[in-house]
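What follows is one structure encoded as structure tokens, with my remarks underneath.
Every number for a ligand or one of its atoms is a count from 1 in the order of the listing. The structure presented is a predicted model; accordingly, all values stated were derived computationally and were not measured.
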Amino acid sequence: MIIPMRCFACGKPIAQLWEEYKRRTEAGEEAGRVLDDLGLKRYCCRAAFLGQADMLPEISKFKKS
Ligand SMILES: [Zn+2]
């Protein structure tokens with residue numbers, strides 16, 4: 001789905017970092033290194049990024065109407 005605005009566990013705003021994280025990991029950079037660069041030190045925030053999958057293109061196929 002869409003990345004949550006804030007980390008569910010600690011409340012740190014994380015959504016503004018998602019685009020850069022996605023761009024850099026797709027360019028072949030190591031995910032752990034990108035998370036360090038973005039300043040995500042707590043494992044709760046890192047888990048929110050690592051577990052994130054952009055499902056919107058798939059889900060929108062089944063939109064009603
Ligand atoms: Zn967190």
Side-chain angles (χ1 to χ4, degrees):
M1 296 295 284
I2 306 167
I3 189 86
M5 282 296 141
R6 286 170 179 268
C7 172
F8 281 126
C10 72
K12 178 184 168 74
I14 53 172
Q16 80 280 9
L17 304 171
W18 173 248
E19 288 297 325
E20 184 180 347
Y21 172 81
K22 203 168 91 170
R23 184 171 48 77
R24 288 173 65 175
T25 48
E26 278 171 3
E29 241 181 293
E30 205 181 315
R33 185 176 297 271
V34 179
L35 290 170
D36 287 339
D37 267 8
L38 293 174
L40 294 169
K41 294 198 165 42
R42 285 181 286 271
Y43 59 80
C44 53
C45 313
R46 297 171 78 98
F49 273 72
L50 294 172
Q52 175 66 16
D54 272 332
M55 298 302 287
L56 211 56
E58 272 73 39
I59 291 165
S60 58
K61 286 181 205 159
F62 303 103
K63 198 169 67 175
K64 283 186 184 172
S65 83

key: More than 12 heavy atoms of other groups within 6.0 Å of I59 CD1   = yes

task = Mind jotting down which residue pairs meet the salt bridge (charged side-chain N to carboxylate O under 4.0 Å, His left out) criterion with at least one end in residues 38-50? Sequence neighbours excluded, please.
result = D36-R46

task = Report the protein N/O/S neighbours of the Zn ion (ligand 1) that fall below 2.8 Å; do not count waters.
result = C7 SG, C10 SG, C44 SG, C45 SG

request  = Identify the heavy atoms of T25 and A31 that sit nearest to each other, and give their distance.
outcome  = CG2-CA, 4.0 Å

query = Quick one: does Y21's side chain get under 4.5 Å of L50's, heavy atoms only?
reply = yes

key: Contacts of D54 that satisfy side-chain hydrogen bond (donor to acceptor under 3.5 Å, both in side chains) - sequence neighbours left out   = W18, K22

note = Residues passing the side-chain hydrogen bond (donor to acceptor under 3.5 Å, both in side chains) test with R24, sequence neighbours excluded, are E20, E29, D37

